[in-house]
There are 2 protein chains.
Amino acid sequence: MRDDRFCASNCPFTRAIGTIGNKWKPIIINVIGTRTIRFGQLDSIVPHISRKVLAEQLKELEEDGLLERLAYKELPPRVEYKLSEKGLAFLPILENIKEWNCKYEVALTSKATDRVTYAK
Amino acid sequence: MRDDRFCASNCPFTRAIGTIGNKWKPIIINVIGTRTIRFGQLDSIVPHISRKVLAEQLKELEEDGLLERLAYKELPPRVEYKLSEKGLAFLPILENIKEWNCKYEVALTSKATDRVTYAK
DNA sequence: ATTTGTAGTTACCTGGCAGTAACTAGAATA
DNA sequence: TATTCTAGTTACTGCCAGGTAACTACAAAT
(Lines give C-alpha, C1' and ligand atoms only; values in the text may rest on other atoms or scores of the structure.)
Protein backbone atom coordinates (compact mmCIF):
# COMPACT_ATOMS: atom_id res chain seq x y z
CA MET A 1 0.00 0.00 0.00
CA ARG A 2 2.82 2.29 0.98
CA ASP A 3 5.66 1.68 -1.46
CA ASP A 4 8.82 0.88 0.46
CA ARG A 5 11.15 1.32 -2.47
CA PHE A 6 9.75 4.79 -3.04
CA CYS A 7 9.97 5.67 0.64
CA ALA A 8 13.62 4.58 0.67
CA SER A 9 14.51 6.75 -2.32
CA ASN A 10 17.02 9.55 -1.93
CA CYS A 11 14.68 11.83 -3.85
CA PRO A 12 12.33 13.71 -1.52
CA PHE A 13 9.65 13.90 -4.17
CA THR A 14 9.71 10.15 -4.74
CA ARG A 15 9.47 9.63 -1.00
CA ALA A 16 6.45 11.92 -0.85
CA ILE A 17 4.74 9.92 -3.58
CA GLY A 18 5.67 6.78 -1.68
CA THR A 19 3.61 7.94 1.28
CA ILE A 20 0.63 9.81 -0.19
CA GLY A 21 0.72 8.49 -3.75
CA ASN A 22 -2.20 6.12 -3.79
CA LYS A 23 -5.83 6.62 -4.50
CA TRP A 24 -7.23 6.43 -0.98
CA LYS A 25 -5.08 8.80 1.01
CA PRO A 26 -5.83 12.01 -0.87
CA ILE A 27 -9.52 11.12 -0.73
CA ILE A 28 -9.42 10.49 3.01
CA ILE A 29 -7.44 13.64 3.76
CA ASN A 30 -9.86 15.65 1.67
CA VAL A 31 -12.88 14.15 3.43
CA ILE A 32 -11.47 14.89 6.86
CA GLY A 33 -10.50 18.44 6.01
CA THR A 34 -10.50 20.69 9.04
CA ARG A 35 -12.96 18.70 11.13
CA THR A 36 -12.68 15.99 13.73
CA ILE A 37 -14.33 12.82 12.57
CA ARG A 38 -14.99 9.32 13.85
CA PHE A 39 -14.10 6.06 12.19
CA GLY A 40 -17.67 5.10 11.47
CA GLN A 41 -18.38 8.45 9.86
CA LEU A 42 -15.41 8.08 7.56
CA ASP A 43 -16.53 4.59 6.67
CA SER A 44 -19.93 5.84 5.59
CA ILE A 45 -18.74 9.01 3.86
CA VAL A 46 -15.84 7.65 1.83
CA PRO A 47 -17.43 5.78 -1.05
CA HIS A 48 -16.47 2.20 -1.95
CA ILE A 49 -13.93 1.74 0.83
CA SER A 50 -13.97 -1.29 3.13
CA ARG A 51 -13.43 -0.95 6.87
CA LYS A 52 -10.31 -3.05 6.57
CA VAL A 53 -8.68 -0.84 3.98
CA LEU A 54 -9.85 2.29 5.75
CA ALA A 55 -8.24 1.12 8.98
CA GLU A 56 -4.99 0.35 7.15
CA GLN A 57 -4.88 3.73 5.45
CA LEU A 58 -5.61 5.59 8.68
CA LYS A 59 -2.85 3.74 10.45
CA GLU A 60 -0.35 4.64 7.75
CA LEU A 61 -1.44 8.25 7.70
CA GLU A 62 -0.94 8.34 11.44
CA GLU A 63 2.50 6.74 11.15
CA ASP A 64 3.47 9.30 8.54
CA GLY A 65 2.40 12.13 10.81
CA LEU A 66 -0.51 13.41 8.75
CA LEU A 67 -3.17 12.35 11.18
CA GLU A 68 -3.87 12.45 14.89
CA ARG A 69 -5.87 9.73 16.54
CA LEU A 70 -7.72 10.17 19.80
CA ALA A 71 -9.10 7.03 21.38
CA TYR A 72 -11.45 7.34 24.32
CA LYS A 73 -11.69 4.64 26.94
CA GLU A 74 -15.36 4.03 26.45
CA LEU A 75 -17.65 1.24 25.57
CA PRO A 76 -18.69 1.08 22.84
CA PRO A 77 -15.34 2.51 21.71
CA ARG A 78 -14.97 6.00 20.33
CA VAL A 79 -12.07 7.12 18.24
CA GLU A 80 -11.65 10.51 16.65
CA TYR A 81 -9.37 11.47 13.82
CA LYS A 82 -8.14 14.88 12.78
CA LEU A 83 -5.39 16.18 10.57
CA SER A 84 -2.09 17.19 12.11
CA GLU A 85 -0.28 20.36 11.13
CA LYS A 86 1.39 18.41 8.35
CA GLY A 87 -1.92 17.04 7.19
CA LEU A 88 -3.55 20.46 7.24
CA ALA A 89 -0.65 21.83 5.22
CA PHE A 90 -1.49 19.32 2.55
CA LEU A 91 -5.06 20.56 2.08
CA PRO A 92 -4.15 23.53 -0.15
CA ILE A 93 -2.39 21.12 -2.48
CA LEU A 94 -5.56 19.10 -2.79
CA GLU A 95 -7.40 22.33 -3.44
CA ASN A 96 -4.99 23.05 -6.29
CA ILE A 97 -5.63 19.62 -7.76
CA LYS A 98 -9.34 20.29 -7.67
CA GLU A 99 -8.91 23.58 -9.50
CA TRP A 100 -6.51 22.07 -11.98
CA ASN A 101 -8.94 19.30 -12.78
CA CYS A 102 -11.92 21.63 -13.17
CA LYS A 103 -9.94 23.80 -15.52
CA TYR A 104 -8.55 21.10 -17.77
CA GLU A 105 -10.86 18.14 -17.51
CA VAL A 106 -12.53 17.33 -20.78
CA ALA A 107 -14.65 14.52 -22.04
CA LEU A 108 -12.45 11.86 -23.56
CA THR A 109 -13.14 12.31 -27.24
CA SER A 110 -10.27 10.52 -28.89
CA LYS A 111 -8.69 7.44 -27.45
CA ALA A 112 -4.98 6.91 -27.74
CA THR A 113 -5.76 3.98 -30.01
CA ASP A 114 -6.10 6.63 -32.70
CA ARG A 115 -2.41 7.32 -32.33
CA VAL A 116 -1.01 9.25 -35.21
CA THR A 117 2.38 8.77 -36.75
CA TYR A 118 3.98 11.91 -38.03
CA ALA A 119 5.97 12.12 -41.23
CA LYS A 120 9.67 11.54 -40.97
CA MET B 1 -4.45 1.25 -12.93
CA ARG B 2 -6.88 4.01 -13.62
CA ASP B 3 -9.80 3.58 -11.23
CA ASP B 4 -13.04 3.55 -13.20
CA ARG B 5 -15.30 4.01 -10.21
CA PHE B 6 -13.32 7.10 -9.26
CA CYS B 7 -13.37 8.45 -12.79
CA ALA B 8 -17.14 8.01 -12.91
CA SER B 9 -17.68 9.93 -9.67
CA ASN B 10 -19.68 13.12 -9.71
CA CYS B 11 -17.00 14.74 -7.55
CA PRO B 12 -14.34 16.45 -9.67
CA PHE B 13 -11.70 15.87 -7.04
CA THR B 14 -12.41 12.16 -6.93
CA ARG B 15 -12.21 12.05 -10.72
CA ALA B 16 -8.85 13.81 -10.60
CA ILE B 17 -7.54 11.23 -8.17
CA GLY B 18 -8.95 8.55 -10.43
CA THR B 19 -6.69 9.69 -13.24
CA ILE B 20 -3.47 10.84 -11.58
CA GLY B 21 -3.81 9.13 -8.19
CA ASN B 22 -1.33 6.33 -8.47
CA LYS B 23 2.32 6.15 -7.75
CA TRP B 24 3.70 6.13 -11.29
CA LYS B 25 2.01 9.06 -12.96
CA PRO B 26 3.28 11.84 -10.71
CA ILE B 27 6.77 10.37 -10.99
CA ILE B 28 6.60 10.21 -14.77
CA ILE B 29 5.19 13.71 -15.12
CA ASN B 30 7.90 15.02 -12.82
CA VAL B 31 10.64 13.26 -14.77
CA ILE B 32 9.43 14.62 -18.09
CA GLY B 33 9.05 18.17 -16.79
CA THR B 34 9.47 20.72 -19.53
CA ARG B 35 11.58 18.62 -21.84
CA THR B 36 10.88 16.35 -24.77
CA ILE B 37 11.95 12.83 -24.03
CA ARG B 38 12.03 9.44 -25.73
CA PHE B 39 10.57 6.19 -24.49
CA GLY B 40 13.92 4.56 -23.88
CA GLN B 41 15.18 7.52 -21.90
CA LEU B 42 12.14 7.39 -19.63
CA ASP B 43 12.65 3.68 -19.20
CA SER B 44 16.19 4.18 -17.98
CA ILE B 45 15.54 7.29 -15.88
CA VAL B 46 12.42 6.21 -14.00
CA PRO B 47 13.63 3.77 -11.37
CA HIS B 48 12.08 0.33 -10.91
CA ILE B 49 9.55 0.63 -13.72
CA SER B 50 9.12 -2.06 -16.36
CA ARG B 51 8.65 -1.20 -20.02
CA LYS B 52 5.23 -2.76 -19.95
CA VAL B 53 3.97 -0.61 -17.10
CA LEU B 54 5.68 2.46 -18.50
CA ALA B 55 3.93 1.96 -21.83
CA GLU B 56 0.58 1.54 -20.08
CA GLN B 57 1.01 4.66 -17.98
CA LEU B 58 2.10 6.73 -20.95
CA LYS B 59 -0.92 5.61 -22.93
CA GLU B 60 -3.26 6.58 -20.12
CA LEU B 61 -1.58 9.93 -19.63
CA GLU B 62 -2.01 10.55 -23.33
CA GLU B 63 -5.67 9.53 -23.20
CA ASP B 64 -6.23 11.88 -20.29
CA GLY B 65 -4.67 14.74 -22.21
CA LEU B 66 -1.61 15.25 -20.04
CA LEU B 67 0.86 14.06 -22.59
CA GLU B 68 1.62 14.50 -26.29
CA ARG B 69 3.15 11.69 -28.27
CA LEU B 70 5.09 12.21 -31.46
CA ALA B 71 5.95 9.12 -33.45
CA TYR B 72 8.35 9.39 -36.36
CA LYS B 73 8.15 7.03 -39.30
CA GLU B 74 11.65 5.72 -38.91
CA LEU B 75 13.39 2.49 -38.39
CA PRO B 76 14.38 1.82 -35.71
CA PRO B 77 11.32 3.66 -34.39
CA ARG B 78 11.55 6.95 -32.58
CA VAL B 79 8.85 8.31 -30.33
CA GLU B 80 8.98 11.50 -28.34
CA TYR B 81 6.85 12.49 -25.40
CA LYS B 82 6.22 15.89 -23.94
CA LEU B 83 3.68 17.36 -21.55
CA SER B 84 0.63 19.09 -22.93
CA GLU B 85 -0.63 22.40 -21.56
CA LYS B 86 -2.64 20.42 -19.02
CA GLY B 87 0.39 18.38 -18.05
CA LEU B 88 2.58 21.46 -17.71
CA ALA B 89 -0.08 23.05 -15.50
CA PHE B 90 0.29 20.12 -13.17
CA LEU B 91 4.02 20.68 -12.59
CA PRO B 92 3.60 23.47 -10.00
CA ILE B 93 1.43 21.13 -7.96
CA LEU B 94 4.21 18.57 -7.94
CA GLU B 95 6.56 21.35 -6.93
CA ASN B 96 4.29 22.12 -3.97
CA ILE B 97 4.30 18.48 -2.94
CA LYS B 98 8.09 18.52 -3.00
CA GLU B 99 8.22 21.58 -0.76
CA TRP B 100 5.55 20.21 1.53
CA ASN B 101 7.48 17.00 1.97
CA CYS B 102 10.79 18.72 2.61
CA LYS B 103 9.18 20.91 5.23
CA TYR B 104 7.32 18.23 7.15
CA GLU B 105 9.11 14.97 6.51
CA VAL B 106 10.59 13.50 9.65
CA ALA B 107 12.21 10.24 10.53
CA LEU B 108 9.60 7.79 11.72
CA THR B 109 10.31 7.61 15.40
CA SER B 110 7.14 6.17 16.85
CA LYS B 111 5.08 3.58 15.07
CA ALA B 112 1.32 3.65 15.35
CA THR B 113 1.61 0.39 17.25
CA ASP B 114 2.39 2.62 20.22
CA ARG B 115 -1.13 4.00 19.97
CA VAL B 116 -2.19 5.77 23.08
CA THR B 117 -5.62 5.70 24.58
CA TYR B 118 -6.65 8.90 26.26
CA ALA B 119 -8.59 9.06 29.50
CA LYS B 120 -12.33 9.25 29.17
C1' DA C 1 25.08 -13.23 -42.78
C1' DT C 2 24.54 -11.70 -38.34
C1' DT C 3 24.17 -8.29 -34.94
C1' DT C 4 22.33 -3.98 -33.15
C1' DG C 5 19.00 -0.60 -32.03
C1' DT C 6 13.93 1.18 -30.83
C1' DA C 7 9.31 1.06 -29.11
C1' DG C 8 6.38 -1.44 -28.03
C1' DT C 9 3.10 -5.86 -27.67
C1' DT C 10 1.91 -10.47 -26.20
C1' DA C 11 1.66 -14.62 -23.44
C1' DC C 12 2.37 -16.47 -19.15
C1' DC C 13 2.70 -16.61 -14.24
C1' DT C 14 2.79 -15.26 -9.44
C1' DG C 15 2.50 -12.27 -5.23
C1' DG C 16 -0.08 -9.43 -2.88
C1' DC C 17 -4.02 -6.03 -2.68
C1' DA C 18 -8.48 -5.98 -1.33
C1' DG C 19 -13.20 -7.88 -0.46
C1' DT C 20 -16.19 -10.64 2.82
C1' DA C 21 -17.60 -12.65 6.96
C1' DA C 22 -16.89 -13.71 11.55
C1' DC C 23 -15.37 -12.21 15.98
C1' DT C 24 -14.02 -9.15 20.15
C1' DA C 25 -15.25 -6.24 24.63
C1' DG C 26 -18.53 -4.55 27.77
C1' DA C 27 -22.10 -1.18 28.74
C1' DA C 28 -26.69 0.17 27.73
C1' DT C 29 -31.17 -0.63 26.14
C1' DA C 30 -35.43 -3.35 25.27
C1' DT D 1 -31.92 -12.50 28.26
C1' DA D 2 -30.79 -11.02 24.00
C1' DT D 3 -29.66 -7.41 21.06
C1' DT D 4 -27.15 -3.26 19.79
C1' DC D 5 -23.41 -0.24 19.26
C1' DT D 6 -18.24 0.88 17.96
C1' DA D 7 -13.69 0.25 16.11
C1' DG D 8 -11.28 -2.47 14.70
C1' DT D 9 -8.67 -7.42 13.76
C1' DT D 10 -8.24 -11.96 11.74
C1' DA D 11 -8.78 -15.66 8.54
C1' DC D 12 -10.01 -16.98 4.15
C1' DT D 13 -10.16 -16.25 -0.74
C1' DG D 14 -10.08 -14.43 -5.41
C1' DC D 15 -8.46 -11.62 -8.85
C1' DC D 16 -5.56 -8.68 -11.22
C1' DA D 17 -1.47 -5.55 -11.29
C1' DG D 18 2.83 -6.10 -12.62
C1' DG D 19 7.17 -8.75 -13.65
C1' DT D 20 9.74 -11.58 -17.17
C1' DA D 21 10.89 -13.28 -21.53
C1' DA D 22 10.12 -13.66 -26.21
C1' DC D 23 8.97 -11.44 -30.42
C1' DT D 24 8.20 -7.82 -34.25
C1' DA D 25 9.79 -4.64 -38.17
C1' DC D 26 13.45 -3.04 -40.94
C1' DA D 27 17.67 -0.39 -41.76
C1' DA D 28 22.32 0.22 -40.99
C1' DA D 29 26.55 -1.27 -39.44
C1' DT D 30 30.06 -5.15 -38.89
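Model, not experiment: these values are computed from the prediction. Chain letters run A, B, ... following the sequence lines, proteins first, then strands; residues in each count from 1.
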*May I ask you to say whether Asp64(B) pairs ionically with Lys86(B), meaning some side-chain N is under 4.0 Å from a carboxylate O?*
no
*With distance as the sole test, does Gln41(B) use its side chain to make a donor-acceptor pair with the main-chain N or O of Arg38(B) at under 3.5 Å?*
yes
Starting from [atom2] on [N], measure out to [atom1] on [X] and report it in whole angstrom.
X	N	atom1	atom2	answer
Glu74(A)	dA7(D)	CD	P	10 Å
Phe39(A)	dC5(D)	CZ	P	16 Å
Tyr81(A)	dA7(D)	OH	C1'	8 Å
Lys73(A)	dG8(D)	NZ	P	16 Å
Lys59(B)	dA17(D)	NZ	C1'	16 Å
Glu80(A)	dG8(D)	CD	C1'	16 Å
Asp43(B)	dT9(C)	CG	P	13 Å
Tyr72(B)	dG5(C)	OH	P	22 Å

*asked:* How would you summarise protein contacts on nucleotides 17-27 of chain C per nucleotide, using B for base, S for sugar-phosphate only and - for none, with heavy-atom distances below 4.0 Å?
replied: SBBB-----B-
If we only count heavy atoms from C-beta on, is the [X] to [Y] side-chain gap below 4.5 Å?
X	Y	result
Glu60(A)	Lys25(A)	yes
Trp100(B)	Ile93(A)	yes
Thr36(B)	Tyr81(B)	no
Arg78(A)	Phe39(A)	no

*Looking at Arg38(A), does any N or O in its side chain come under 4.0 Å of the phosphate oxygens OP1/OP2 on dT6(D)?*
no
